[in-house]
Amino acid sequence: MKCRRCRDMGKTKKAVIFLPHHNLSLCRDCFILWYEKQIGRTIKKMRMFTRKDKIMVAVSGGKDSLALWFALERLGYATDGMYINLGIEERNYSRISYEKAKKLSERIKRPLHVVDIKDIFEGKGISELNKLTRQPPCSICGLIKRYYTNKVALDKGYDCVATGHNLDDEVATLLLNTLSWDVDSLSRQAPVLPEKQGFARRVKPLVGMTEKENLLYCLLMEIDYAKEECPLSTGVSTIFYKQVFNKIEQKSPGTKLRFYFNFQKNIYPLLSPIKIPHLSPCSLCGQPTTTSDKICALCRFKEKVKNLTKN
Ligand code: Q46
Ligand code: ZN
């Protein structure tokens, strides 16, 4: 298989990848160019940020967020990283993920802000918090990540938070939310969530890129990433929906892109005005909350952990 871009320029080069959903085969150099161009286009088209903005990239140490950070740097955006150490000791997951994030920050010479949840919850990581509270690990993890990415971005004066959600993540969540007609969640599923009342702008520049494309970019750019999936991810329902989507995509290339971007174009605008909850500052930490008792979910969770630890 030959690179189509090279062929169009009168050259012949061997392709390293064929992308059926774009009907495109590309060599190493053309893939890198194409990949970064696609991200740049998404950023501009969706008005995510400009070169004047200060961007905080939330990195997990995995392929997607590290590919994003590296590509944004190469595209000339001002980006710093932020890593949350979840204290997951199973298979050394958190230690390895942190090392990969740190390694990239040193390679591109950009700072990495680190929040360690064991400092916040008296030595407890996600697994210990799960055992203590009996709340599912991913719901605890999601709460902590949302809270601290927002807090660090606001405290340190960033214009927005960029996350590494890819097309596969987005279509799996979209399918899950659609199957249960979860209008609330659907009305929040956008690649750009604008800043409002104490919330930093959140953007997902990789929404048009698949896991496979992010992986290849890491390999070609020699980005060292954490290969292990989170050991607490077993039973996460989006894994099943990703498998379903990959089967559909094999039969009908382009379905993921159509499903996601047609939702954004045709359905999301009808949903977004449905609910804008009233927000007020949490009386304990000052972060925005929708609760009537004015204590945010994170502070309530902290209280719960404190009480259970005492007993
Ligand atoms: S890190 Fe956290 Fe994921 Fe692990 S505990 Fe669940 S949510 S699976 S992206
Ligand atoms: Zn609070």
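When a ligand or atom number is given, it counts from 1 through the structure's own listing order.
Between Arg95 and Glu99, at least one side-chain N (NZ, or NE/NH1/NH2) sits under 4.0 Å from a carboxylate O, which counts as a salt bridge. No salt bridge links Asp159 with Lys54; every basic N to acidic carboxylate O contact stays at or beyond 4.0 Å.
Which parts of ligand 1 touch Cys138 is read off a 4.0 Å heavy-atom cut-off, strictly below it: atoms 5 (S), 6 (Fe), 7 (S), 8 (S). Residue contact check: Lys145 has heavy atoms under 4.0 Å from atoms 1 (S), 2 (Fe), 9 (S) of ligand 1. Each of the following atoms of ligand 1 lies closer than 4.0 Å to a heavy atom of Cys141: 1 (S), 2 (Fe), 5 (S), 7 (S).
Here Tyr148 and His113 keep their ring centres 6.0 angstrom or further from each other.
Relative to the ring axis of Tyr77, Arg51 places its NZ or CZ within 45° and under 6.0 Å from the centre. In this structure, Lys227 satisfies the cation-pi test against Tyr225, with its NZ or CZ atom closer than 6.0 Å to the six-membered ring centre and inside 45 degrees of the ring normal.
Paired with Phe70 under the rule side chain to side chain contact (heavy atoms under 4.5 Å, CB included), one option of Ile108, Leu75, Thr79 passes, and it is Ile108.
Taking the side chain as every heavy atom from C-beta outward, Glu213 and Leu167 never approach each other to under 4.5 Å. Contact check for Ile239 versus Ser233: side-chain heavy atoms found under the 4.5 Å cut-off.
Annotation: protein N, O or S atoms under 2.8 Å of the Zn ion (ligand 2) (waters excluded) comprise Cys282 SG, Cys285 SG, Cys296 SG, Cys299 SG.
Of the listed residues (Cys230, Ser139, Gly125), the one carrying the non-hydrogen atom nearest atom 4 (Fe) of ligand 1 is Cys230.
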